[in-house]
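Shown next, in structure tokens, is the structure this report addresses.
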Amino acid sequence: MTKGLFLIAFCLCWLGVRAQQPVLLPKPQTVQYGQGSVPVRQLTVYTPPNATKDILFALNELKQFLANQSGAAVKQAATATTSAIRYKVRSAGQELPGTDEATNGNAREKYSLTINAKGITIDAQTSAGLYYAVQTIRQLIQGQGASASLPFVSIQDSPKLAYRGVMMDFAHGGLLTVDEIKRQIDFLARFKTNQYYFYNEVSIELDGFPTLNYGAAYTKAQIRDIIAYARQRHMDVIPFVNFYGHLHELIRNEKFASMAIGHYGHELDPRDPAVKELLTNWIRQYTALFSSPFIHVGFDETWETKRLAGDPANKIDPETYYVDQLTFVSEAFKPYGKTLMAWTDMNLFYPNILPKFPAGVIPVIWEYTPDTTAIYTYLNPVLQAKKPFFIQPAVSGWGHIYPSSDYTYTNIDLCLKTGLKHNTRGFITSVWTDSVEPFVSASWLFMAYGCIGAWQGTPPDKQTFTQQYTQVVYPSIATELRSAFDHLAVAGTFLEKCLGKNTGSLPRGTLVESWSNPFQPYYLANTTAHLADFEAVRQHTEEAQGALINALSKATRKDSSFVFSMLVTARLINYSAMRFLWAKAICDRWNDAMVTKKKEDYVFYDLTYPCHSLLVDAMDETGELKSLYAKAWLSENMPYRLNTMLGRFDLDFSLWRKLHLNVLDFKIQKKTDPIKPFDVMFTPDF
């Protein structure tokens, strides 16, 4: 072989090795691959009889991952020296992040990992580092059965940010089942998330408040179960309770109505001694229930108090009330040794409020738009006050059936970049459920994106992320899910061109209008103007449905529920566009025949034929989608609020059914009314 041919052959061989390197999410700080691999079935492990629970859990997870891939249980070594899996944990305890995590060197989760012909060697600072090394090994495994192997590699890894959390909303939308919360914790642990913020207003049962959200709250036993489950995975469950505003579900009860400021029941009145008594009770119960050293106390959007201040007769000072309430809550928590966190958005209305925050309360900057200027609007006062802070972007999924993809990615990217530039202590990816209708599972992709970026210190590459993510999380159906995610993202961009204009183009826009009466003159004109966009929504969601149906036929039992919820999501988006297109098609068909041509021209057949016509199609799809939606909802959530959602389908069905009967009645009775355009003739309404 000539020198040139040898070089070409070497390069091709090297490129082949490189192409086989596994995807690691998040990327370790340093990775160096070697030549060769170790068969998984050759690995053995020694479990010492005195191993602590946290170490045993990590080792058992490792054995399970290896066995799942190789199809054979990992053999037990007789001694530590003969084991092919060797590990060292330098410090005992410290399973969860403490309050000094960001200031003590941030080494608790550090680990090194070496895989060579001798096997696996892990050197971890704590059992948290050991657990995260196991998560990396899980992603390194290649092949199945007897061919399963681990590549030779040397990894040094530690997180860029000490605190990497997800905030899950358990107050506004449905309530996830405990099993679904555990699946979510398992999922987030894969990406080395260490905080889970449990946003609650009145969704946890408290002693002495038996009627408060009865039947729509988690028991204390369930919360303890969730906390213990997360702790095994080195994730701290942090209570997130609003102690000032957003307490409508409390104040709407007559028993507590007098504690409100104003008349519409959103915020507590800081002047009322009964408020202090109630919150003191809550503080005692929450500190006994949650072991986390942190608690987020909310204190955002106290708009009712601000509105009242605009009336000179009220003579109230919202800034003073805010500071007094936060000071009271801070003092009430001191005996329990908790570190408080609070949002800072009220600084927009009261520019001098940050220096008045009680000492020790950590400001949390939230900004959910892809706008650096908006981020600094909230951040600059914190920097001027020289306070340590957390930063909190969000998955833009509360106002869309499927999250607004690029909007979300850019928001996360900018918050991460800005936070790191100014030494943020932590990063919290928010998942809000205000619109109730969207499934939380549709946000998982974006939750992972935020958590990965917080560990790496850089956001994932948006262009390759869905490909890499699906390869890691859903290897057997990666191609199908990548296609579905991509088509849903594009469908969302087209839908945003059609809907949302009446909400100031806020990211919650498309759902605000999606159930509106499509026969109203405004929406008929809007559909005409955006006909191609609505059609593109349907085209892309149909492609997504096809990919998801194929994925469902191959999905594991564990993944099938997720794939099914995504399939229903795709159909919901399709329906959002379809109902407007149906309304236009029905009007156009009638108007063309009866108004323009002035003859029946089979119009009644096209609109009302009992097995295939436009109005029957609408009824069929609405009824079918209702059943599918209920099934997907119950795979994620408790029944609470399901009937509210199903009522939307019932109302839509009644619209199509009423029109069907009215058009038939017109034909049967051979009415001689002056023929008018369809929307005028039949005045379609719910």
Side-chain angles (χ1 to χ4, degrees), residues 174 400-402 435-442 480 484 487-488 491-492 495 498-499 510-511 513-519 527 534-553 555 560-586 589 605-637 639 641-664 684 686:
H400 300 286
I401 298 168
Y402 183 76
S435 291
V436 188
E437 183 180 336
F439 300 120
V440 172
S441 53
E480 292 83 358
H487 280 293
L488 288 173
L495 194 61
C498 306
L499 304 176
T510 56
L511 263 176
E513 295 178 305
S514 65
W515 291 95
S516 300
N517 184 343
F519 289 96
T527 303
F534 275 122
E535 290 171 345
V537 172
R538 292 194 65 197
Q539 290 165 2
H540 283 284
T541 52
E542 286 168 8
E543 291 294 329
Q545 288 176 61
L548 290 162
I549 290 167
N550 290 336
L552 198 57
S553 68
S560 60
S561 177
F562 168 79
V563 176
F564 179 74
S565 74
M566 292 301 298
L567 176 58
V568 177
T569 294
R571 287 189 66 165
L572 278 168
I573 301 171
N574 189 287
Y575 184 76
S576 293
M578 191 185 303
R579 61 195 300 279
F580 290 100
L581 292 172
W582 267 327
K584 174 175 166 46
I586 290 165
R589 182 68 186 93
Y605 177 90
D606 289 342
L607 295 186
T608 64
Y609 192 73
C611 63
H612 47 251
S613 59
L614 289 170
L615 287 167
V616 172
D617 287 347
M619 286 187 281
D620 286 345
E621 180 64 15
T622 308
E624 182 69 16
L625 193 50
K626 174 186 173 181
S627 298
L628 295 173
Y629 183 84
K631 180 180 177 182
W633 176 281
L634 292 173
S635 72
E636 256 186 40
N637 298 295
R641 302 202 80 174
L642 174 58
N643 284 333
T644 302
M645 293 299 102
L646 296 184
R648 300 184 182 188
F649 297 97
D650 293 336
L651 195 63
D652 244 30
F653 184 90
S654 72
L655 174 66
W656 308 121
R657 179 59 176 158
K658 283 165 62 177
L659 286 174
H660 187 265
L661 292 173
N662 288 342
V663 174
L664 277 177
F686 298 111

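Taking the ring centroids of Phe519 and Phe580, they lie at or beyond the 6.0 Å cut-off.
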Please walk me through it: do Thr510 and His400 pass side chain to side chain donor-acceptor pair (under 3.5 Å)? CA-CA 6 Å; Thr510 56; His400 300 286; 2.5 Å; yes

In sequence, state the C-alpha distance, the side-chain angles, and the governing distance for Arg571 and Glu624, and then conclude on side chain to side chain contact (heavy atoms under 4.5 Å, CB included). CA-CA 10 Å; Arg571 287 189 66 165; Glu624 182 69 16; 3.7 Å; yes

I'd like to know whether Tyr629 forms a side chain to side chain contact (heavy atoms under 4.5 Å, CB included) with Leu642, so could you lay out the CA-CA distance, the side-chain angles of the two residues, the decisive distance to 0.1 Å, and finally the verdict. CA-CA 9 Å; Tyr629 183 84; Leu642 174 58; 4.3 Å; yes

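At least one side-chain heavy atom of Leu499 sits less than 4.5 Å from a side-chain heavy atom of Ser514. Within the 4.5 Å cutoff, no side-chain heavy atoms of Ser576 are placed close to those of Val537. Taking the side chain as every heavy atom from C-beta outward, Thr527 and Phe534 approach each other to under 4.5 Å. At a threshold of 4.5 Å between non-hydrogen side-chain atoms, the residues Leu488 and Met566 count as touching.
Put simply, the side chain of Thr541 gets close to the backbone of Arg538: a donor and an acceptor are under 3.5 Å apart. Asn517 places a side-chain N or O within 3.5 Å of a backbone atom of Pro684 that can act as its donor or acceptor partner. No donor-acceptor pair closer than 3.5 Å links the side chain of Glu636 to the backbone N or O of Phe439. A donor-acceptor contact shorter than 3.5 Å links the side chain of His660 to the backbone of Thr608.
From Trp633, atom CH2 reaches atom CG of Leu628 across 15.5 Å, with rounding to the nearest 0.5 Å. Note that NE2 of His540 is 12.0 Å distant from CG of Leu495, once rounded to the nearest 0.5 Å. Atom CE of residue Met578 and atom CG of residue Leu625 lie 9.0 Å apart, to the nearest 0.5 angstrom. The OG atom of Ser654 lies 11.0 Å from the CG atom of Leu661; values are rounded to the nearest 0.5 Å. The CZ atom of Phe562 sits 6.0 Å away from atom OG of Ser441, with the distance rounded to the nearest 0.5 Å. Taking CG of Asn662 as the reference point, atom CG of Leu607 lies at 12.0 Å (rounded to 0.5 Å).
What you find for Ala570 and Leu548 is that their closest heavy atoms are CB-CD1, 4.2 Å. The two atoms that bring Trp656 and Met619 nearest to each other are CB-CG, 3.6 Å, heavy atoms only. In plain terms, the two heavy atoms of Ser565 and Ala632 that are nearest each other are CA-CB, 4.2 Å. Contact record, Phe686 with Ser516: CZ-C, 4.1 Å, taken as the closest heavy-atom pair. Ser435 and Leu511 make their closest contact through CB-CD1, 3.7 Å (heavy atoms, listed as atom of the first residue, atom of the second, distance). Smallest separation of non-hydrogen atoms from Ile573 and Tyr402: CD1-CB, 3.6 Å.
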Less than 3.5 Å apart, which donor and acceptor atoms pair up between the side chains of residues 644-652 and the rest of the protein, not counting sequence neighbours?
from	atom 1	to	atom 2	distance (Å)
Arg648	NH1	Glu437	OE1	2.8
Asp650	OD1	Lys626	NZ	2.6
Asp652	OD1	Arg579	NH2	2.8
Asp652	OD2	Tyr575	OH	2.6
Asp652	OD2	Arg579	NE	2.9
Asp652	OD2	Arg579	NH2	3.4

